[in-house]
Asker: 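Right, I'll just put the structure down here and ask away after.
Counting starts at 1 for both ligands and their atoms, following the listed order. Nothing fancy with the numbering, it's 1 onward along the sequence. These numbers come from a predicted model, not from an experiment.
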Amino acid sequence: MATKSPNRPLRPATLLVRGGQMRSGFDETGEALFLTSGFVYDSAAQAEATFAGTVEHYQYSRFGNPTVSMLEGRIAALEGAEACRVTATGMAAVHAALLSHLKTGDRVVASRALFGSCHWIVSTLLPRYGIATEFVDGADLAQWASALSKPAALVLLETPSNPMLEIVDMKAVCDLAHKAGAIVVVDNVFATPLLQKPLHFGADVVVYSMTKHFDGQGRVLGGAVLGSKKWVDEVLQPFIRNTGPSLSPFNAWVVLKGLETLHLRIPAMCRSAAAVADMLAERAEVARVLYPFRADHPQQKLAQAQMSAGGTLVTFDLKGGKEACFRFMDALQLIDISNNLGDSKSLATHPATTTHMRVGAEERARLGITDGTVRLSVGLEDVADIIDDLSQALDAANAAPARAAE
Ligand SMILES: *Cc1c(COP(=O)(O)O)cnc(C)c1O
């Protein structure tokens, strides 16, 4: 029984369950886990033909494995991209996307508000190889226009950004980048392919940490890079094949099963995140709430033009700085303290002392991260339980200094 494939376009929920599946000769229902490092050949001639590229046959799991291929097919179908390669982590995906494309003498322009390790690659690693880099404030089109008035090879941006949920105007930046000769790489982790399709706005390459919403259940690390078939075959694939950031077939299988529920998990988490943002905005202890679809988000209109929902993260500032944040986080009875996100469990982070400690106070100030900033990844628990926990922790954090003074 071959895998069924109707001759009509399928919707995202269907693609997440069935996209990319390749049934083996055993007619299994679920995607098979090919936990093998290598493959065998019928004959020496078949081995020769495989290496010559005249016969299609798996060779070695560093650069191809059927379980990994199924995952790549599923993600590409969902994104509407011609090709996908998956990697062992999100950072391996970002690294491969950048290093496969760039060479000494090239210029990179990036938004300042990047995931910490992406920032390190651009600010520290690339200049070591003679690649010039320039950061801009992602929300400021004038800064993009000025940086892209000179030729560039690559633009890297993240929207919404971590942790301040800043939105970058992808269409405008892609137009400027293409005129400067650059390809645009979008880190779409916060939005997921269900809420935002960067390729529709002109992006050339999309990268994901599959560790976040794709697995979404706290089990495995993984990354994905998507782009045109030509770029993936000619630029990315030789780099991945020869440098080996490969995803284990086991982890690929876990993510394949995780994706089957993505279309159920993401809307539920978005609904809860929106309710949590509204609840936090009502609290006197909260100085400001950032949630892309709220009317008080400075870029609500742009967010609504690019995304179909506000996302699963809420960022807010507590009055009373670090002490208030620590009292609040330590008082949480349900929500965990963790630097991860996109998980079925709600997770709270204090960026200034964890994920953004190393960027330094000056850069944090530029990014708008204060000592009172908390990032909340809203999970799949009952939203009333999430809200109850946040409310009691805010009450407790408020009461604590009064008690201490007694
Ligand atoms: C987590 C994350 C990454 C890195 O992914 P890993 O799987 O942790 O290597 C990159 N970009 C963003 C926006 C992330 O949230």
Asker: Need the ligand 1 atom indices (1-based, order shown) with element for anything under 4.0 Å from a heavy-atom of E158.
Answerer: 13 (C)
Asker: What is the nearest protein non-hydrogen atom to atom 4 (C) of ligand 1, stated with its residue, atom name and distance?
Answerer: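 Looking at atom 4 (C) of ligand 1, the protein heavy atom closest to it is F115 CE2, 3.4 Å.
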Asker: Can you tell me which residue and heavy atom of the protein come closest to atom 6 (P) of ligand 1, and the distance to 0.1 Å?
Answerer: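 Checking every protein heavy atom, the shortest distance to atom 6 (P) of ligand 1 gives G90 N, 3.4 Å.
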Asker: In terms of residue, atom name and distance, what is the protein heavy atom nearest to atom 14 (C) of ligand 1?
Answerer: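 Residue, atom and distance for the closest contact: K212 NZ, 3.0 Å.
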Asker: What is the nearest protein non-hydrogen atom to atom 7 (O) of ligand 1, stated with its residue, atom name and distance?
Answerer: T211 OG1, 2.6 Å
Asker: Take atom NZ in K301; do more than 12 heavy atoms of anything else shown fall under 6.0 Å from it?
Answerer: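 For K301, atom NZ is not crowded (no more than 12 foreign heavy atoms under 6.0 Å).
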Asker: Just to check, does N162 reach to within less than 4.0 Å of ligand 1 when the distance is taken from its heavy atoms?
Answerer: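 No, that is not the case, since the closest heavy atom of the residue is not under 4.0 Å from the ligand.
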Asker: Under 4.0 Å from any heavy atom of T89, which atoms of ligand 1 are there?
Answerer: 7 (O), 9 (O)
Asker: Measure from the side-chain N and O atoms of T349 to the backbone N and O of S338, and report whether any donor-acceptor pair falls under 3.5 Å.
Answerer: yes
Asker: Below 6.0 angstrom between ring centroids: does that apply to Y208 and H213?
Answerer: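 No: the rings miss the under 6.0 Å criterion.
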Asker: Whether the side chain of R364 engages the backbone of M357 through a donor-acceptor N/O pair (distance < 3.5 Å, no angle test) should be reported.
Answerer: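 Answer holds: yes.
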Asker: For L236, is there any backbone N or O sitting under 3.5 Å from a side-chain donor or acceptor partner on W231?
Answerer: no
Asker: Do the side chain of T87 and the main chain of A93 share a donor and acceptor less than 3.5 angstrom apart?
Answerer: yes
Asker: Quick check: does any side chain N or O of E72 sit under 3.5 Å from a backbone N or O of V86, one acting as donor and the other as acceptor?
Answerer: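 Yes, because the side chain of E72 sits within donor-acceptor range (under 3.5 Å) of the backbone of V86.
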Asker: Between D389 (side chain) and Q333 (backbone), is there a donor-acceptor pair under 3.5 Å?
Answerer: yes
Asker: Pull out every atom of ligand 1 sitting under 4.0 Å from any heavy atom of G222, numbered as shown with elements.
Answerer: 7 (O)
Asker: Among all protein heavy atoms, pick the one closest to atom 11 (N) of ligand 1 and tell me residue, atom and distance.
Answerer: D187 OD2, 2.7 Å
Asker: So, 4.0 Å and heavy atoms of A93: is ligand 1 close enough to count as a contact?
Answerer: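 Not so, A93 does not reach ligand 1.
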Asker: Specify the protein heavy atom at minimum distance from atom 9 (O) of ligand 1: its residue, its atom name, and the distance to 0.1 Å.
Answerer: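 The answer is M91 N, 2.8 Å.
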